[in-house]
Amino acid sequence: MQIRVTRKALSEGLALMERVIPSRSSNPLLTTLKVDVTDAGLTLSGTNLELDLSCFVPAEVRNPQPFIVPAHLFAQVVRNLGGELVELERTGQEITVRASGSDFKLQTGDLGAFPPLRFPDETHLSLDAAELARALGSVRYAASNEAFQAVFRGIKLEHRGDLVRAVASDGYRVALRDFPGSGDGRTLIIPARSADELVRVLKDGQARLTYGPGLLTVTTDRVRMNVKLLDGDFPDYERVIPREIKLQFTVPASVLQDAVSRVAVLADKNANNRVEFLVSGGTVRLTAEGDYGRGHDTLAVEQSGSQPAMSLAFNARHVLDALAPIEGDVQVSLSGSTTPAIFQSGDYQAVLVTLRV
């Protein structure tokens, strides 16, 4: 078997696989990469038992034969090669890797021992890949890393007629984004870490979704991914979204983000990074105080609503996270000093719990 492939294409494929395949495991087979070879190119496959990933790399092939190699070692060898063209040749139980005068020989593994990975061909729902990645990436910050309830460590995808909604919450905040999607959609919870990998692999074109028992398969023109889903009931997040808005203000998200960042330098890290907002007379006055001093910043905003002024406080980090996905203006809707506030732009919303004033 002989293979000729560009180093760039192979390195990009291996970089995706390295994020899924563990570098160390009590089961050594999980650290290996399976390479299926056809006349069209290479299909790289691996798993960590929570997520299966398969990635296609175009190549020139003669006498195709599948093989298994240590994933991270193979990637490291390819990444450090000189030249732009990589040649792979299998001889017995070895794979020779050549490029621009370099020559490496790697031992291959037992094909029969590699865990079988199955990716269904059926499609239940097609979504715009970039929109799906944008939605998952926008709400990811609100998923918990430590919550005792597993559902808080996931992102919920809801099918809502002609829309799909991505939602995440850690109990202190909720982030959601809607995007177009019609077809046979279902509601499910994707582990946040698996969503991270989906965001990295989803680019242009269509993402084809297939539902299985406790499993979601996402297929694009280049990659296929099986995601093990989370069990459990996601909390009724709509209960915390305030309905009665008493005051609103609008300001460029980047301007508010910069101002919060400035005053948050002095925020007390032992008091939830507290930043106080005083909205009054078309301005927002931001205040943060800690052991080493006190900082203020005042912004001009477009203000509306039945209440002329309101004072409330937030965790600065939560505010900055909520503003990060927003381009353009953010509309901040306030229902009271002690009730949640909404940070909104287009099809994106973040609901933040306030701190005691």
Side-chain angles (χ1 to χ4, degrees), residues 16-17 19-22 25 27 30 45-55 115-171 173-203 206-220 222-238:
L16 293 178
M17 302 306 303
R19 296 198 57 86
V20 172
I21 300 174
S25 173
N27 182 353
L30 297 182
S45 301
T47 182
N48 58 19
L49 300 183
E50 295 293 326
L51 191 152
D52 308 332
L53 180 62
S54 173
C55 173
L117 305 181
R118 297 181 177 87
F119 299 93
D121 294 325
E122 184 181 7
T123 298
H124 294 124
L125 177 67
S126 290
L127 299 173
D128 183 278
E131 287 286 354
L132 177 57
R134 178 170 174 255
L136 294 173
S138 295
V139 305
R140 167 61 175 94
Y141 70 86
S144 174
N145 294 320
E146 302 175 354
F148 67 94
Q149 294 186 39
V151 292
F152 283 110
R153 298 194 297 271
I155 297 175
K156 183 181 184 182
L157 279 184
E158 297 178 341
H159 196 74
R160 305 165 69 93
D162 292 334
L163 293 175
V164 178
R165 172 172 288 181
V167 188
S169 175
D170 59 5
R173 52 190 173 172
V174 177
L176 62 90
R177 186 182 286 277
D178 296 328
F179 62 101
S182 58
D184 183 20
R186 302 179 190 177
T187 295
L188 47 85
I189 305 174
I190 301 173
R193 290 182 181 178
S194 298
D196 291 339
E197 302 311 318
L198 274 172
V199 170
R200 289 185 178 93
V201 303
L202 292 173
K203 303 297 181 184
Q206 291 292 300
R208 300 179 290 278
L209 275 58
T210 306
Y211 306 105
L215 195 71
L216 172 68
T217 301
V218 181
T219 305
T220 70
R222 186 186 180 194
V223 302
R224 294 178 295 175
M225 184 181 290
N226 289 329
V227 178
K228 189 175 180 180
L229 301 174
L230 293 176
D231 292 325
D233 295 323
F234 202 82
D236 183 8
Y237 63 90
E238 294 197 48

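These numbers come from the heavy atoms of this one structure, side chains and all, not from hydrogens, waters or symmetry mates. For reference, positions follow the sequence shown, starting with 1.
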Ala168 to Ala142 - nearest heavy-atom pair and separation: O-CB, 3.5 Å
List, one per line, each side-chain donor-acceptor pair under 3.5 Å for residues 194-203, sequence neighbours excluded.
from: Asp196; atom 1: OD1; to: Arg140; atom 2: NE; distance (Å): 2.9
from: Asp196; atom 1: OD2; to: Arg140; atom 2: NE; distance (Å): 3.3
from: Asp196; atom 1: OD2; to: Arg140; atom 2: NH2; distance (Å): 3.3
from: Glu197; atom 1: OE1; to: Arg19; atom 2: NE; distance (Å): 3.2
from: Glu197; atom 1: OE2; to: Arg19; atom 2: NE; distance (Å): 3.4
from: Glu197; atom 1: OE2; to: Arg200; atom 2: NH1; distance (Å): 3.1
from: Arg200; atom 1: NH1; to: Asp196; atom 2: O; distance (Å): 3.4
from: Lys203; atom 1: NZ; to: Arg200; atom 2: O; distance (Å): 3.4

What pairs with Thr219 under side-chain hydrogen bond (donor to acceptor under 3.5 Å, both in side chains), at least two apart in sequence or on another chain? none
With sequence neighbours excluded, tell me which residues meet salt bridge (charged side-chain N to carboxylate O under 4.0 Å, His left out) with Arg193. none
Can you list, pair by pair, the side-chain donor-acceptor contacts under 3.5 Å of residues 128-139, counting residues two or more places apart and other chains?
from: Asp128; atom 1: OD1; to: Ala130; atom 2: N; distance (Å): 3.1
from: Asp128; atom 1: OD1; to: Glu131; atom 2: N; distance (Å): 2.9
from: Ser138; atom 1: OG; to: Arg134; atom 2: O; distance (Å): 2.7
from: Ser138; atom 1: OG; to: Arg177; atom 2: NE; distance (Å): 2.9
from: Ser138; atom 1: OG; to: Arg177; atom 2: NH2; distance (Å): 3.2

With a 4.5 Å limit on heavy-atom distance, are the side chains of Thr123 and Leu209 in contact? no
Under the salt bridge (charged side-chain N to carboxylate O under 4.0 Å, His left out) test, which residues partner Glu238, sequence neighbours left out? Arg160, Arg243
Side chain to side chain, Arg224 and Val218, heavy atoms closer than 4.5 Å: no
Going from OG on Ser25 to CG on Leu30, what distance comes out if it is rounded to the nearest 0.5 angstrom? 4.0 Å
Identify, with sequence neighbours excluded, every residue that meets side-chain contact (heavy atoms from CB on, under 4.5 Å) alongside Leu117. Ser45, Thr47, Asp52, Phe114, Phe119
State, to 0.1 Å, how close Ala150 and Leu230 come at their nearest heavy-atom pair, and which atoms those are. O-CD1, 3.4 Å
Within a strict 4.5 Å, meaning less than it, do heavy atoms of the Ile189 and Phe234 side chains meet? yes
